[in-house]
Amino acid sequence: MSGVRSFFAGTDPCWLTPATKQPVLRAEVSVDSADPLADTVRAELDLLRQAAGAADAAPDGVREILLCTLDRLGRTPVGRDLADAVHAAVPRAGLGAEGFVVVRRGERLVIAAGAGRGLLYGWYHLLRQAAPLAATTGADHTEAHRPACAVRMVNQWDNMAVHPVMGSVERGYAGRSFFYRDGRVVADLSRVRDYARLLASVGINALSVNNVNVHATETRLLTDHLPDLARIADVLREHGITTYLSVSYAAPIELGGLDTADPREQRVARWWAEAVERVYSAIPDLGGFVVKADSENRPGPFTYGADHADGANLLARALRPHGGTVYWRCFVYDCHQDWRDRSTDRARAAYDHFVPLDGRFDDNVVLQVKYGPLDFQVREAVSPLIGALRHTRVALELQITQEYTGQQRHICYLGPLWTEILGFDTTGAGGPTIGDIASGRAGRPTGGVVAVSNVGDDANWTGHKLAQANLFAYGRLAWDPLASPDEVLAEWARATFAVDAATLAELTALMSGSLRTYEKYTAPLGVGFMVTPHTHYGPSVNGYEYSPWGTYHFADRDGVGVDRTVASGSGYTAQYPEPLASRYEDPASCPDELLLFFHHVPYSHVLRSGRTVIQHIYDTHFDGCDEVEDLVRRWSAIADRFDAATRRNVDERLAEQLRCAREWRDQVNTYFFRMSGVPDAEGRTIHR
Ligand code: GCW
């Protein structure tokens with residue numbers, strides 16, 4: 001077992017643990033040596049050969065594994081029947097470059113794919129599914145898989161030079177960056193290699209390697225640091241991962257010495273064309289750029305009176321000759337808003353900026369849209385922009401790093417949130433869903449799905465050991481948006497921990513509802529924020545109330561919530577098509593959990609649940625905290641079955657979660673009691 005771990009260069013192997021290895025006698029790979037992933041697939045097989053020594057005592061598993069591209073199947077000793085079965089298993093639409101089939105007949109198992117990348121994904125599938133496959137011993141078994149979304153990207157928010165406020169990784173809760181140190185790419189990329197392997201093992205095929213807030217040092221990735229960027233790209237490529245780079249819109253000024261970055265100026269376009277030329281001579285298969293422009297004080301086309309189609313197309317045209325794509329973020333809003341100004345609603349901003357431009361973007365532009373119109377809240381409406389763009393490629397943006405969901409100190413399994421978003425019906429009347437749009441099933445141009453990473457140089461990658469589940473789940477749900485988040489969680493747990501089935505069941509049971517627990521003890525009914533300004537950790541009910549950031553709750557002595565109706569508020573509800581718009585417009589039909597996102601209502605307003613808003617606030621905050629106490633109890637009952645590092649880590653973080661949840665409960669309850677004067681119907685303790 002320890003032999004296998006050493007392949008992970010000394011880091012926590014997460015879900016790629018020895019416990020999942022197949023007991024095999026023979027394992028072969030047949031793939032064209034020119035295939036870019038041939039060596040990687042072979043190296044993976046070597047891992048298995050090492051593991052087999054440790055595991056071959058198991059009598060009934062698969063004894064022979066063959067990984068083979070379809071075109072070579074006839075040249076292997078697999079036998080006619082099995083070869084026929086493999087071909088029959090290929091779906092009519094084919095396997096594409098990334099799909100694979102698994103066919104088992106008794107002790108023999110074949111993974112077949114169109115190319116090395118599919119073999120790699122099939123291989124990792126087998127590792128994750130080892131236990132269920134072993135359970136079908138002797139039976140015939142056939143499955144076929146193809147990813148739903150063509151691009152499954154992760155964004156690193158890593159800084160090369162430690163930022164005075166944001167540190168080494170912006171919104172990173174797991175230590176420092178392992179890509180960069182002291183303003184440079186690290187010399188030893190072994191941890192990056194381990195990471196690439198982890199990402200590939202859950203089907204991630206694209207990675208942007210630096211923060212979307214591109215500061216001075218990182219701007220130079222385009223120039224001085226190109227050879228180092230190429231080293232990163234080499235490592236990622238081995239694992240089927242395409243490299244993307246975040247660039248500063250103002251690079252022509254910052255690097256090129258121009259006095260403008262006006263997208264309509266020839267010299268600006270020329271500068272970008274030359275810069276991109278240099279980048280592609282270092283990294284011929286770069287995926288392209290990720291850009292945060294005119295967003296939270298970053299430079300952008302607005303400075304020149306140009307719009308975002310001008311800006312995005314400028315970069316797209318420089319990238320086009322090289323086959324590159326620009327992921328252009330839509331997180332564009334006024335972060336210098338006057339809180340007194342009730343006519344501005346941050347939630348409206350992305351739609352208002354981008355919908356009028358639909359149809360003007362080149363086809364190598366992807367608009368990258370956060371799932372909600374505010375900012376990665378545990379509960380907010382799903383962005384209406386994603387459904388509204390008909391003629392532009394769109395990518396859904398999720399956040400794996402737990403900026404607003406407990407910062408990897410709280411257990412918060414995000415799978416159910418993403419499933420809800422992916423399943424969201426953008427019209428309210430039969431789709432398409434967000435998942436349909438991201439996967440191209442909606443018949444619209446797509447850019448896939450993107451999420452912000454949650455890793456750092458902490459020994460266990462994610463700070464909280466159990467937060468590994470979120471990275472795993474993101475990959476699995478990007479591959480298959482219809483997968484059940486509970487099954488994905490179970491798959492993760494099984495692959496990660498060498499504990500008995502009952503313990504696994506208890507662990508996944510306590511993680512599965514953790515998102516809703518978190519929601520209960522934090523901001524109520526979709527109103528959002530109430531977090532400590534800047535750090536975004538822990539409660540501060542009025543922290544952002546009189547700030548320029550546009551995230552307010554408007555609580556007064558009579559009621560709370562943001563009026564986003566057409567009738568009396570910001571008119572945001574009209575950004576949705578019917579019948580969704582009307583459903584949100586009317587408090588009687590608005591879903592309870594989003595009531596305060598859409599409406600300002602009196603504390604006495606009766607929810608569809610039958611409870612008043614004020615009583616709901618008290619109840620959920622008491623319940624949420626009780627649920628954390630329960631988490632602590634349940635974890636303590638199984639903790640001693642886990643390894644010491646996991647035990648210590650989860651114990652310590654749960655203690656902090658409980659402290660913090662109590663703080664949330666008491667601050668929120670006290671605040672609303674003081675505001676409303678309404679006592680808790682059950683007479684529980686509310687501090688005055
Ligand atoms: O959620 C906010 C974060 C910023 C981040 C920004 C963004 C990278 O607080 O730290 O900046 O979103 O998504 O651009």
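The first residue of the sequence shown is numbered 1, and numbering continues consecutively from there. Counting convention: from 1, in listed order, for ligands and their atoms alike. From a predicted model like this one, the values you see are computed outputs, not experimental measurements.
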Please list every donor-acceptor pair under 3.5 Å in which a side-chain atom of residues 523-537 meets a protein atom from a residue at least two apart or in another chain.
unit_1: Thr532; atom_1: OG1; unit_2: Tyr537; atom_2: O; d: 2.8
unit_1: Thr532; atom_1: OG1; unit_2: Gly538; atom_2: O; d: 3.2
unit_1: Thr535; atom_1: OG1; unit_2: Tyr537; atom_2: N; d: 3.3
unit_1: His536; atom_1: ND1; unit_2: Glu403; atom_2: OE2; d: 2.7
unit_1: His536; atom_1: ND1; unit_2: Tyr404; atom_2: OH; d: 3.1
unit_1: His536; atom_1: NE2; unit_2: Tyr544; atom_2: OH; d: 2.6
unit_1: Tyr537; atom_1: OH; unit_2: His410; atom_2: NE2; d: 2.9
unit_1: Tyr537; atom_1: OH; unit_2: Glu656; atom_2: OE2; d: 2.5

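- Listed by chain and number, Trp157, Glu170, Arg171, Asn211, Val212, Asn213, Lys292, Glu296, Arg329, Phe331, Lys370, Asp375, Glu403, Tyr404, His536 each place a non-hydrogen atom less than 4.0 angstrom from ligand 1.
- Separation of the Tyr333 and Phe331 ring centroids falls under the 6.0 Å cut-off.
- Around atom CZ of Arg342, no more than 12 heavy atoms belonging to other residues, nucleotides or ligands sit under 6.0 Å away.
- Within a 6.0 Å radius of CZ in Arg264, other residues, nucleotides and ligands contribute more than 12 heavy atoms.
- The closest side-chain donor-acceptor pair between Asp458 and Gln408, if any, does not fall under 3.5 angstrom.
- Geometrically, Arg564 engages Phe597 in a cation-pi contact, judged by NZ or CZ lying under 6.0 Å from the ring centre and within 45° of the ring axis.
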